[in-house]
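In the text below, chain A, chain B and the rest are named by the order of the sequence lines, each starting its count at 1.
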There are 2 protein chains.
Amino acid sequence: MITRTSALERPTTKQPRTDRGRRTRQKLIDAATAEFGEKGFHDASIIGITGRAGTALGSFYTYFDSKDEIFRSLVQELSDAVKERAALALVPNQSALDAERSALAAFLEFARDHKEIYRIIDEAEFVDPQSYREHYERTAQRIEERLAEGIKSGDLRPDIGEVEAWAIMGMNVFLGLRFSVWGADADHTEVSRAANAMLATGIASRR
Amino acid sequence: MITRTSALERPTTKQPRTDRGRRTRQKLIDAATAEFGEKGFHDASIIGITGRAGTALGSFYTYFDSKDEIFRSLVQELSDAVKERAALALVPNQSALDAERSALAAFLEFARDHKEIYRIIDEAEFVDPQSYREHYERTAQRIEERLAEGIKSGDLRPDIGEVEAWAIMGMNVFLGLRFSVWGADADHTEVSRAANAMLATGIASRR
């Protein structure tokens, strides 16, 4: 298990200062995504990462102290990427429910294009439990904030909050597992539509 | 990763034939739950399991061939336990939505009492991927069957199916993670009520 340094102690001196440095760091992160995604944390190696990245071993240590540290950075970057992808999918003046449908559709596409995200984030439960928990707590928090906006605009029931946010997150994660990772031929528009209809008005018959 | 034997090849000769044998096997399974839940698959050991169970090492090999095999049996038993707990919670002549609420409430209690279930089933994604996938596919299948009953009885919209089943499963899994594993002081009755209200009639405002 990764020994945790607090956010304040996180090394910031190792951030690249030049465009070239940023490109090299990004190459290492992309290579680590492939290496951890394919081999899992224990069998992945720094040599494997630099080999995939086509960089010298020294470059790795310019930006990361250890395999643990690049794994932690990667979980953070994947978590940020999920967040950014959902944010990009939102359209100004969308209804709150359209926003949830857009966010789910964007996530399903993202998960289909980055299937390794499940394996890496799920492995964080064992390798770096704090990052795992933070990823889901932050994601649920953002959904709850979107729901609060929807309550304010009058789109959503005023009595919803944390339970509904966690329920929506779970729904999205498992729809991604089923329809992006395990069954990548699914019609994501139709999956998002059906899930959104359930979210909007439920599954009770309209007798 | 566990080398898979097909269901037909699964050793059935090692099933206990006496009550005493069944008790010993159950002791080993319970001890394995604690051992894998605490230490994770890689650090868990057969010695650790028999030590916890208070049985001789030979007893282990009477019922299981290896650490892999007891892990696979355990995932299967936990999966069956989740299924049975949900089934027990169902009341004859309940509405389809009440059935979903009962199933969720039962799962939240079960997860609170058996927090290690998350760690063990989640670790199966890496140690025994086929069992992991089967657990979720079977669980979703059962939810879909309950939904089909609800459609037949007229409780539920006729156009729901697999997408909604996976969405409900994801909702339940993440509500358990948040309100049974990470925040065990939650009011499960209230969590189940809120999640069920969302499932029944959605989160759109009733303007």
Side-chain angles (χ1 to χ4, degrees), chain A residues 1 40-42 95-97 100 104 118-119 122-123 125-126 132-133 136-137 140 147 150-151 153-179 182 186 190-207, chain B residues 1 40-42 95-97 100 118-119 122-123 125-126 129 132-133 136-137 140 147 150-151 153-179 182 186 190-207:
Chain A
M1 193 184 296
F41 181 80
H42 291 287
S95 77
L97 283 156
E100 289 312 312
L104 171 57
Y118 272 79
R119 181 167 179 160
D122 290 349
E123 195 164 17
E125 180 177 357
F126 304 98
Y132 179 76
R133 184 163 173 167
Y136 286 121
E137 288 180 344
L147 296 181
I151 294 170
S153 69
D155 288 339
L156 304 181
R157 278 198 279 123
D159 58 343
I160 59 173
E162 191 184 8
V163 170
E164 290 77 6
W166 281 79
I168 291 168
M169 177 167 68
M171 182 174 105
N172 293 355
V173 168
F174 273 76
L175 291 173
L177 183 64
R178 169 65 188 82
F179 296 108
W182 287 341
E190 174 49 27
V191 172
S192 308
R193 188 209 58 72
N196 198 247
M198 171 172 141
L199 191 58
T201 54
I203 61 172
S205 65
R206 278 114 198 208
R207 294 188 286 199
Chain B
M1 192 184 298
F41 181 80
H42 291 288
S95 77
L97 282 156
E100 289 312 311
Y118 273 79
R119 184 170 177 154
D122 291 349
E123 196 163 19
E125 180 177 357
F126 303 98
Y132 179 76
R133 185 165 174 164
Y136 286 120
E137 287 179 344
L147 296 181
I151 294 170
S153 69
D155 288 339
L156 304 181
R157 277 197 278 125
D159 58 343
I160 60 173
E162 191 185 9
V163 170
E164 289 78 5
W166 281 79
I168 291 168
M169 177 169 67
M171 185 173 101
N172 294 356
V173 169
F174 272 77
L175 291 173
L177 183 64
R178 169 64 188 81
F179 296 108
W182 287 340
E190 175 49 24
V191 172
S192 308
R193 186 209 59 72
N196 199 247
M198 172 172 140
L199 192 58
T201 54
I203 62 171
S205 67
R206 285 140 201 176
R207 292 188 286 198

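Taking chain B as the reference chain and counting heavy-atom pairs below 4.5 Å, the highest number among Asp122(A), Val191(A), Ile160(A), Leu97(A) is found for Asp122(A).
No part of Ile151(A) comes within reach of chain B, as not one of its non-hydrogen atoms sits under 4.5 angstrom from that chain. Neither the backbone nor the side chain of Ala186(A) comes within contact range of chain B; no heavy atom of the residue lies under 4.5 Å from a heavy atom of that chain. Both the backbone and the side chain of Ala197(B) have a heavy atom closer than 4.5 Å to some heavy atom of chain A. Using a 4.5 Å cut-off between heavy atoms, Glu190(A) makes no contact with chain B at all.
A 4.5 Å side-chain heavy-atom check between Phe126(A) and Glu125(B) finds every atom pair outside the cut-off.
Taking CZ from Arg206(B) and OG1 from Thr201(A), the interatomic distance works out to 10.0 Å, rounded to the nearest 0.5 Å. The line from CG of Leu177(A) to OH of Tyr132(B) is 5.5 Å long, rounded to the nearest 0.5 Å.
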Distance-only donor-acceptor hits, side chain of residues 164-175 of chain B, under 3.5 Å, sequence neighbours excluded:
{"from": "Glu164(B)", "atom 1": "OE1", "to": "Gly161(B)", "atom 2": "N", "distance (Å)": "2.8"}

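In plain terms, the two heavy atoms of Ser205(B) and Gly154(A) that are nearest each other are OG-O, 2.7 Å.
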